[in-house]
Protein chains: 4
Amino acid sequence: MRRLGIHSFVWTGGQTQEGLEMALEKSAEHGYRCIEFAYLRPELFDLDRLAKRSQALDVQIGVTMGLPNDKDISSGDPDAVAAGRAMLSDAVRAVRDIGGDKLGGILYSAHMKYGRAPTRDGWMSSAEVIGEIGREASEAGVMLTLELVNRFESNLLNTTAQGLKFLEDCGNPDVTLHMDTFHMQIEEADPAQAIRMAGDKLGYFHIGESNRGYLGCGTIQWEPIFDALLDIGYDRDVVFESFSTAVVDEGLSLACAIWRDTWDDNDPLAAHAKQFIELKHAEAKRRRDTNARP
Amino acid sequence: MRRLGIHSFVWTGGQTQEGLEMALEKSAEHGYRCIEFAYLRPELFDLDRLAKRSQALDVQIGVTMGLPNDKDISSGDPDAVAAGRAMLSDAVRAVRDIGGDKLGGILYSAHMKYGRAPTRDGWMSSAEVIGEIGREASEAGVMLTLELVNRFESNLLNTTAQGLKFLEDCGNPDVTLHMDTFHMQIEEADPAQAIRMAGDKLGYFHIGESNRGYLGCGTIQWEPIFDALLDIGYDRDVVFESFSTAVVDEGLSLACAIWRDTWDDNDPLAAHAKQFIELKHAEAKRRRDTNARP
Amino acid sequence: MRRLGIHSFVWTGGQTQEGLEMALEKSAEHGYRCIEFAYLRPELFDLDRLAKRSQALDVQIGVTMGLPNDKDISSGDPDAVAAGRAMLSDAVRAVRDIGGDKLGGILYSAHMKYGRAPTRDGWMSSAEVIGEIGREASEAGVMLTLELVNRFESNLLNTTAQGLKFLEDCGNPDVTLHMDTFHMQIEEADPAQAIRMAGDKLGYFHIGESNRGYLGCGTIQWEPIFDALLDIGYDRDVVFESFSTAVVDEGLSLACAIWRDTWDDNDPLAAHAKQFIELKHAEAKRRRDTNARP
Amino acid sequence: MRRLGIHSFVWTGGQTQEGLEMALEKSAEHGYRCIEFAYLRPELFDLDRLAKRSQALDVQIGVTMGLPNDKDISSGDPDAVAAGRAMLSDAVRAVRDIGGDKLGGILYSAHMKYGRAPTRDGWMSSAEVIGEIGREASEAGVMLTLELVNRFESNLLNTTAQGLKFLEDCGNPDVTLHMDTFHMQIEEADPAQAIRMAGDKLGYFHIGESNRGYLGCGTIQWEPIFDALLDIGYDRDVVFESFSTAVVDEGLSLACAIWRDTWDDNDPLAAHAKQFIELKHAEAKRRRDTNARP
């Protein structure tokens, strides 16, 4: 992995400029070298100032988002598709302006519990838009990376196999997959095998526990996941994500169904996550080296 | 475990009398000794005939359901609470009339992805209704058993600890918990420990894989779960549940977000599940016996 | 995997012709398509008759052995090296004469708990002999396959990395590695990774539980092992091995330190092992297929 | 757990007074609060000086040993039994004199790969001696604790069930079991269940990886083990053990079959082990707390 990062929602609900700057500082203090922001409307925040703080602190910014229902590019509704395309285009520019290097998340559909099955036409329409936005992103120096999420947060791309097929249909080799251990734990038959299958199409990686709380306090078997990341020589960013009712963005909390506190205090959470990930990564390397030494 | 059963949705979408009778026969053919039906409106089905088929085939019927949004007894809306109470009361009678021995599922709230956080008042109101319906159920010879489900299918009872607290607030010792491996894999820090914590309050047990497909084809670690069932001396029913787009009830499919086929053919699925569960159960017993033998 | 087999010591201590013929028949009855014998001295057994029974029953014979201390080709003692070379040469001919297709086990050292550390000279001397015997074996249509065993049963080749290095030093591309889950569980940092590392050098595979008893009644995590065998496209034989005091060859029992009964009755053991291995193999294939299906 | 400790063989082969004092200091430096020594012949070491260093550094000393073949109290040879009894009696006094609080290890038989099966008479004779020595130990303020080891290091007590039966036959309620994850990984059908079965008879606990190297670099599943220690409320000492050819006592290396380096540098090993154990322990507590919180 290149840089280890943390989601800003560990620090702040993200509604204010001050909150975001504090999040950058807290991340840097804890030794994280990248941070994930939700999409920031340029008219509400001073993106340039955030870009400068990020550079000064040496904390790389990435952005993730999910489309709202009325801008769903997989909906088959031409107005929604046009609105979604415009929103994604705006987002790419905002990521560039904030000094970000990637735009991830549920870019290909709404972020919601669907009440209808996906359609072939919706898939193709979404793939076409993503292919085009991917070109805008490449020109802006931003990587477009599509998050594979569980069935309750989108009806379109729930597995790596679907993601890889979708990338083919996009026809844009720059677009990558954004994988997340929380979602894989629900959807993949074998998360480690999914990582190996993704290979160099894996563009961004979320580490979150099965109940979105403390790492090691859920059902995920971490060893095979860290082994698989080594197997594919993954060298992009890894970001820790955890949600609690203690710190929240209300919209995301409802979309992600966060009803319970899995923690109250974010400082020990962030310190533990860093220690946990670094230890697991080092252990995977040591297993590999030990196995290979005659 | 007492009897090993299977959910009727492996066999049928459940819309017709013929479908339900076929499901009873298929279950019996495969050697299952109980079956789970969704709530059946008495005006649409011949419950008496189903009761007789069930007896003749020696396949015990159980029923599960989730409340609709407009009958949500945790909603705080008096009309919805009254409608929910009436629906549960009807359901208890229908279970009795079909010869069923249990009513499980999401009886305490709507079965849906909530767009709002739960409230203390909603919890208490739901507990009160469940306590009362529990008494009607006991009189009817039916066990009321509350399913703990993942955050995307209810906002009220997601974990065993919540379920045990809710049982206290119901004040009815006959009401039990209905636990499900699919949901526990998302919500519990440690599913096996949750089973031990539930102890004799565990009234009904669903075995489903993490992606709701073939057992052994997901992320669940089965050994600790079967060990824990032995540890608590669990002696009630165990039912296999799997959903695919191949056989569906549309309402349940949308509520459960079933977008993909995890299987096409239900006969090998049912045969495999029976073999898998019996093998795992026998292995857990053998581990225990071997460990204890000096 | 090609054929699923069973070790003859599940059926017989192996001291009599009748015992060996019975073992062939029992293996065939249970549906096993190969069997493993210990080295049989040609003067004591009717090898030709065994070869014919094996053909008639369509149960392929393989042979394994460990060198005795006074014939240790890694000992540095020229007399022992010469005696070991002669014994291996005899064994290759006996395997050919019994219609066997492989000679495995601890061919490169004594099968014992060593009281001294291995030496570089002993390693090189052993590698040289194995390279030569490998050529005799190839001419006889027999595969030489070197079993990697735990530290208490040899001091020379305990890990796959050591085995691969030893194959290089043998300089004979026909010689392969014989891996065993019981031994890997003690010695490898990651057994599944060791299988991937071995790749097409894996010539023979033993499936045994961590305590040498019933499969699933020990500490081995089977899923990654079956996944890894699929990953490397393993298409040679797999043999189930279990030892108990109930059926024994005294020499092997002492070498393997079998002090306890892990089973009394071999028929259910053999039936369970076959079901267990076939189920795990099928599940690994299904995980792979499911993971790959968009 | 009460105190976290480390085996002195991580630091020193144990042949000199200086080596042992250095080991005490290194352990203290790394934050370990107890240390394990092998049996020290009082005529060769200044036990009183070690006792004072241990007190000054607040590092509690414990001692473990295995009987030699000619002092095997399970051998059935009266001379060996008498010699073994005398050696154990001496050892108890030496532990007292060094300020130690426990005498563990293979006290009930020789520490070796046996070439013969255990006998009923040997078991009973050993149990009688252990019962008596246990009384001497209690009077000396020393806990006698019997290590359950794998089949290659003793033929008498390989499992917890055997250990518990042996304690009954000793008839001395003060004698306890000394369990070790390395040995359990080979012998127990379910190590966590074995810990629960031992309950308050567990007197001392060794944490070692399956290949005796770095924790997390082997096949042991640690989570259930730490959960089980919490389940039984284990409140005695836990000691990390790892052997490499880098630092050795020759006798122990041969008895334990240490042929390979699993590490070269003991400082990072000791630091990692402490971090690993504390993290796993904290995670087990957090799982338990999270599971219990409604």
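What you see is a predicted model, and the numbers here were worked out from it, not measured in a lab.
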(request) Can you tell which part of B/Glu283 gets under 4.5 Å to a heavy atom of chain D, answering side chain, backbone, both or neither? (result) neither

(message) What residues of residues 207-219 of chain B make heavy-atom contacts with chain D at a cutoff under 4.5 angstrom?
(response) none

(request) Verify whether one side chain among B/Asp121 and B/Thr119 offers a donor that lies under 3.5 Å from an acceptor in the other. (result) no

(message) Nearest 0.5 Å, please: how far is OH in B/Tyr108 from CG in B/Leu88?
(response) 12.0 Å

(request) Sort B/Asp227 into side chain, backbone, both or neither according to what part of it lies under 4.5 angstrom from a heavy atom of chain D. (result) side chain

(message) For a quick test of reading the model, state the closest non-hydrogen atom pair linking B/Val92 to B/Ala137 and the distance between them.
(response) CG1-CA, 3.7 Å

(message) As an exercise: rank B/Ala292, B/Pro224, B/Pro191 by heavy-atom pairs under 4.5 Å with chain D and give me the winner.
(response) B/Ala292

(message) Can you give me the closest heavy-atom contact between D/Asp237 and D/Tyr234, atom names plus distance?
(response) O-OH, 2.6 Å

(request) Quick one: which of D/Arg286, D/Glu187, D/Glu188, D/Arg196 has the most heavy-atom pairs under 4.5 Å with chain B, could you say? (result) D/Arg196

(message) Quick check on D/Arg287 against chain B: is it the side chain, the backbone, both or neither that has a heavy atom closer than 4.5 Å?
(response) both

(message) Looking at D/Asp235 and D/Arg2, is there a salt bridge between them, counting it only when a charged N and a carboxylate O are closer than 4.0 Å?
(response) no

(request) Establish, yes or no, whether a centroid distance under 6.0 Å links the rings of B/His7 and B/Phe243. (result) yes

(request) Name, in order of residue number, those residues of residues 150-184 of chain D that have a heavy atom at a distance of less than 4.5 Å from a heavy atom in chain B; otherwise write 'none'. (result) D/Ala161, D/Gln162, D/Lys165

(message) With a 4.0 Å cut-off on N to O distance, would you call D/Lys285 and D/Asp231 a salt bridge?
(response) no

(message) Just by distance, no angles: are the side chains of D/Ser75 and D/Asp77 close enough, under 3.5 Å, to form a donor-acceptor pair?
(response) no

(request) Please check if the side chain of D/Ser109 supplies one atom and the backbone of D/Ser74 the other of a donor-acceptor pair under 3.5 Å. (result) no

(request) Rounded to the nearest 0.5 Å, what's the gap from NE2 on B/His272 to CG on B/Leu279? Could you check? (result) 9.5 Å

(message) Can you see whether D/Asn69 engages D/Tyr114 through a side-chain donor-acceptor pair at a distance of less than 3.5 angstrom?
(response) no

(request) For residues D/Arg288 and B/Gln193, report the shortest heavy-atom separation together with the two atoms involved. (result) CA-OE1, 3.4 Å

